[in-house]
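Structure first, then comments.
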Amino acid sequence: MVSNQNAIKKIGVYTSGGDAPGMNPAIRAVVRSAISQGVRVMGILHGYSGMIDNEMKPLQMRDMANIIQRGGTILKTGRSNDFMKAEFRAKAAQNLRTQEIDGLICIGGDGSFRGAQALYEEHKIPVVGIAGTIDNDVYGTDDTIGFDTAINTAMEAIDKIRDTADSHDRIFIVEVMGRNSGFIASHVGLSGGAEEILTPENIIPVDKIVENLRSSRARGKTSSIIVTAEGQKPGRAYDLADAIRKKSGLDAKVCILGHLQRGGSPSAHDRILASRLGNAAVEALLGGKTNTMIGVQSDRLIEASFEVVTIKEKPGDKSLINLARLLSV
Ligand code: ADP
């Protein structure tokens, strides 16, 4: 327990950006940690839209019952173009003041932290962030809430696809989420035994893919799994299947996992991470911190400033991709 340096009496908590399994255990940790220190909590609905539209409700200890296992977010989430404009941020700040909210906990990705940063710079409302996104693409933290559940969901899907790929001697291209980053693809690919993993940082020419497929067939392999991140345009797996067919005559089936990767009950790993981060975020806010994300590095909780987290890009880990290829011979 920390001393409440800013004499914060009431905080707001919100989820923003894409939903991620584990957001509910994070909300639970925030609410119960704050109330146990005598601090009241308001839940802000639909992220920044709710802040602008004054959609807020008090949260009590008992409101957190039975949510630890639920996917999605009980506070709802969303994206708000209005919040990109100073006039709407001023409206949001006015609502927060009217509700007597002295500080905020933001659960979201780096975009949400950018919004929080702007709110602090313009209106001096302290904010501490927790990274909640299935993409794990936030700089400064090894892990984000929802990533573990999402990769397990996708891996289980690949296990099932593998059964049919094997029965029919087929090539399957499985498309996973990840617009700008390949963390889901690399982790799912390695854990699902994929032969090739394509990510925004690891683009493999079709000629090379065909050459590798032919060589694995020559070695007696009858089925293959290729994992690709969706990239800028979901559905790229179809383009890849077409290109492989045109170059080689090999028929590749496509499976796009899509939004099923976002849903489901959070894994034990994500519940533990969310509980630790939620609690530490409250401690940090009450301890006078702002514009700071609580993250995890080498299993230790750390603080990283929004200024750094929102500017730097988290580097991908190509070693997993190389290992997947080595082990899928
Ligand atoms: P994520 O938090 O998952 O990265 P987004 O990038 O969609 O998701 O950001 C969530 C929301 O944060 C946006 O819809 C917008 O309301 C707000 N936001 C993002 N960037 C900024 C910014 N530069 N200034 C103000 N608000 C922002």
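Start at 1 and go down the list; that is how both ligands and their atoms are numbered.
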Q | For atom 21 (C) of ligand 1, the protein heavy atom that lies nearest, with its residue and separation | A | M84 SD, 3.4 Å

Q: Within a distance under 4.0 Å of any heavy atom of F83, pick out the atoms of ligand 1 and give their elements.
A: 16 (O), 25 (C), 26 (N)

(Q) Among all protein heavy atoms in this structure, tell me which lies nearest to atom 10 (C) of ligand 1, with the distance rounded to 0.1 Å. (A) S112 OG, 3.6 Å

Q: Output yes when E100 and K9 qualify as a salt bridge under the 4.0 Å nitrogen-oxygen rule, no when they do not.
A: no

Q) Looking only at heavy atoms of R89, does any of them come nearer than 4.0 Å to an atom of ligand 1? A) yes

Q: Verify the cluster assignment for L198 and V188: are they in a single hydrophobic cluster under the rule of side-chain heavy atoms below 4.5 Å apart?
A: no

Q: Give yes if a backbone or side-chain nitrogen or oxygen of N81 is under 3.5 Å from a nitrogen or oxygen of ligand 1, and no if not.
A: no

Q. Can you tell me how far the CG atom of L273 sits from the CD1 atom of I130, to the nearest 0.5 Å?
A. 9.0 Å

Q) Is the closest N or O pair between G109 and ligand 1 shorter than 3.5 Å? A) yes

Q) Can you tell me how far CG of L285 sits from CG of L104, rounded to the nearest 0.5 angstrom? A) 7.5 Å

Q) Would you call E211-K208 a salt bridge at under 4.0 Å N-O? A) yes

Q: Could you tell me which atoms of ligand 1, counted from 1 in the order shown, lie closer than 4.0 angstrom to a heavy atom of G111?
A: 1 (P), 2 (O), 4 (O), 6 (O), 9 (O), 12 (O), 17 (C), 18 (N), 19 (C), 20 (N), 21 (C), 27 (C)

Q. N/O to N/O below 3.5 Å, does that happen between R79 and ligand 1?
A. yes

Q. For ligand 1, which atoms sit closer than 4.0 Å to a heavy atom of R114?
A. 20 (N), 21 (C), 22 (C), 23 (N)

Q: Show which atoms of ligand 1 fall inside a sub-4.0 Å distance from at least one heavy-atom site of G115.
A: 21 (C), 25 (C), 26 (N), 27 (C)

Q: Specify whether H187 and F147 have parallel, tilted or perpendicular ring planes, treating 30° as the upper limit for parallel and 60° as the lower limit for perpendicular.
A: perpendicular

Q: Show which atoms of ligand 1 fall inside a sub-4.0 Å distance from at least one heavy-atom site of S16.
A: 10 (C), 11 (C)

Q. What's the shortest heavy-atom distance between S265 and Q69, and which atoms?
A. OG-O, 2.7 Å

Q: Can you sort out which atoms of ligand 1 are near D110, meaning under 4.0 Å from one of its heavy atoms?
A: 4 (O)

Q) Considering only the protein, which heavy-atom contact is closest to atom 14 (O) of ligand 1, and what is its distance? A) S80 N, 2.8 Å

Q) Closest non-hydrogen protein atom to atom 8 (O) of ligand 1, residue and atom name please, with distance? A) G17 CA, 3.6 Å

Q: Decide whether the shortest distance between a heavy atom of T133 and an atom of ligand 1 is less than 4.0 Å.
A: no

Q. A118 to ligand 1: N or O pair under 3.5 Å?
A. no

Q: Please name the pair of heavy atoms, one in R236 and one in G231, separated by the smallest distance, quoted to 0.1 Å.
A: CD-N, 4.2 Å

Q: Enter the distance from I134:CD1 to F183:CZ here, rounded to the nearest 0.5 Å.
A: 13.5 Å

Q) Less than 6.0 Å separating the ring centroids of F113 and F306? A) yes

Q | Subset of ligand 1 atoms that lie under 4.0 Å from at least one heavy atom of G18 | A | 3 (O)

Q. Which of these passes side chain to side chain contact (heavy atoms under 4.5 Å, CB included) with I44: L96, I105, V13?
A. L96

